[in-house]
Amino acid sequence: MKPLPRSFYARDTVQVARDLLGKRLVRRSRTGLTSALIVETEAYLERTDPACHTFRGKTPRNAAMFAPPGHLYVYMIHARWCLNVVTAAEGIGDAVLIRAAEPRDGLPLMRDRRQREDDRELTRGPARLAEALDIDGKLNGYDLTLGRRLWLCDAPDDWADESLIATSPRIGISVNQQAPLRFFVVANRYVSGPQKLNRRP
DNA sequence: CTACCGATTGACT
DNA sequence: GTCAATCGGTAGA
C-alpha cells in the first residue's frame with residue numbers, strides 16, 4: 001500500500017492518464033478506510049486544450065492545478081465534487097480527471113455515504129466516486145504522495161494488458177470534443193458514460 | 001451586487 | 001432516450 005512516488009505523476013499527462021487505469025485509490029478518513037481500482041480517466045492539457053480549466057490562465061479555483069505533480073485538484077460542477085491528479089510539472093496546469101473506479105474496500109461505508117445499495121451506483125462517475133470516498137473541497141491541493149488521508153498505489157495487475165484499455169472522446173465537454181483523451185477499461189461494469197462510447201475502437 | 005454557466009446526476013418517458 | 005435540480009466560480013455592472 002505504498003503511495004506512488006512523485007515521479008509517477010511527473011510525466012506526460014496522457015501517459016499518466018493511461019497508466020492510472022488499474023491503480024488503487026485509497027482513502028483513510030475518520031469513519032474508516034475505503035478503496036477502489038481506477039477504471040476510467042480523462043486527460044486535460046493546459047497548452048492545447050480549451051476544455052482544460054487552466055487553458056485561460058490561473059484563477060483562485062484552478063490554482064491547485066499548478067502545484068507540483070502528485071497533488072490533488074478538487075473542483076465543483078453542478079453542485080458536486082470531482083477529483084483530479086496534477087501531472088507533468090509544477091506550474092504547467094495539466095491534470096487527469098478520475099471518472100470511475102471499481103469498489104474494493106469499505107463497501108458498507110461507501111453505501112452509507114452514497115445512500116445507495118447498488119454497487120454500480122457507488123463509484124461509477126466522477127462525482128459519485130468523490131462522494132463514496134468522502135472527497136470534497138477540503139482536500140483540494142492535498143499531496144497524494146504522503147500516504148495519510150488519500151493516496152494512490154499499485155494494485156494486482158488485472159488490467160496491465162493493453163488490449164483491455166481503450167480510448168474515446170471525453171464526456172460532457174462543449175469544446176475540443178473530438179480529442180481522444182478519455183481512457184477506460186473495456187467491458188468493466190463501473191465505467192461511466194453512454195454505451196456507444198465504451199466499445200473498443 | 002446580479003446573471004450566467006458547467007469535466008453531473010438522478011428521475012422520468 | 002430526455003430533462004431539470006443544484007450551487008460555487010466567474011465575469012461584468
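Quick note on labels: first sequence line is chain A, next is B, and so on, each numbered from 1.
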What residues in [range] put a non-hydrogen atom under 4.0 Å from any atom of DNA chain C?
range: residues 171-190 of chain A; answer: none
range: residues 66-98 of chain A; answer: A:M76, A:H78, A:A79
range: residues 118-135 of chain A; answer: none

A:Q178, CD atom: more than 12 neighbouring heavy atoms under 6.0 Å | yes
Sequence neighbours left out, what passes salt bridge (Lys or Arg N to Asp or Glu O under 4.0 Å) with [X]? Give chain and number order.
X: A:R11; answer: A:D19
X: A:R124; answer: none
X: A:D12; answer: none
X: A:E46; answer: none

Start with the C-alpha distance between A:L45 and A:R47, add both sets of side-chain angles, then the distance that settles side-chain contact (heavy atoms from CB on, under 4.5 Å), and finish with yes or no.
-> CA-CA 6 Å; A:L45 312 172; A:R47 292 186 171 207; 5.8 Å; no
Take atom OH of A:Y44 and atom C1' of B:dG6, then tell me their distance rounded to the nearest Å.
-> 11 Å
Rounded distance in Å - CG (A:L197) to P (B:dT8) = 12 Å
cation_pi(A:R170, A:Y44) dist<6.0 Å, angle<=45 |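 Checked: cation-pi criterion met.
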In terms of side-chain heavy atoms, does A:R24 have a donor or acceptor partner in A:S35 at a distance below 3.5 Å?
-> yes
Are A:L197 and A:I38 connected in a single hydrophobic cluster, I mean Ile/Leu/Val/Met/Phe/Trp/Tyr linked by side-chain heavy atoms less than 4.5 Å apart?
-> no
Would you classify A:R56 as touching base, sugar-phosphate or nothing, given that sugar-phosphate means primed atoms plus P, OP1 and OP2, and contacts are heavy atoms under 4.0 Å?
->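 A:R56: no heavy atom of the nucleic acid under 4.0 Å.
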Which part of the nucleic acid does A:T59 contact within heavy-atom distance under 4.0 Å: base, sugar-phosphate only, or nothing?
->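 A:T59: backbone/sugar contact only, no base atoms under 4.0 Å.
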Within the side chain of [X], is there an N or O that forms a donor-acceptor pair under 3.5 Å with the backbone of [Y]?
X: A:T123; Y: A:A101; value: yes
X: A:R99; Y: A:E42; value: no
X: A:D119; Y: A:P103; value: no

Would you call A:R113 and A:D134 a side-chain contact if the rule is heavy atoms closer than 4.5 Å?
-> yes
When you look for runs of 3 or more Watson-Crick or G-U pairs in a row, both distances below 3.5 Å, which of them include DNA chain C?
-> B:1-6 with C:7-12, B:8-12 with C:1-5
From [X] [atom1] over to [Y] [atom2], what is the distance, rounded to the nearest 0.5 angstrom?
X: A:K23; Y: A:L37; atom1: NZ; atom2: CG; answer: 11.0 Å
X: A:L181; Y: A:N176; atom1: CG; atom2: CG; answer: 7.0 Å
X: A:E117; Y: A:L122; atom1: CD; atom2: CG; answer: 8.5 Å

Contact boundaries on DNA chain C for chain A, cut-off under 4.0 Å to non-hydrogen atoms =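 Contact span on the strand: C:dT6 to C:dT10.
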Applying salt bridge (charged side-chain N to carboxylate O under 4.0 Å, His left out), which residue pairs with at least one partner in residues 141-152 of chain A are found, sequence neighbours left out?
->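 Listed once each, the pairs are A:R6-A:D143.
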Can you tabulate the close N/O pairs, meaning under 3.5 Å, that link protein atoms to atoms of nucleotides 1-5 of chain B?
none

Output all residues satisfying ring-ring contact (aromatic ring centres under 6.0 Å, His included) with A:Y75, sequence neighbours left out; order by chain, then residue number.
-> A:H53, A:Y73
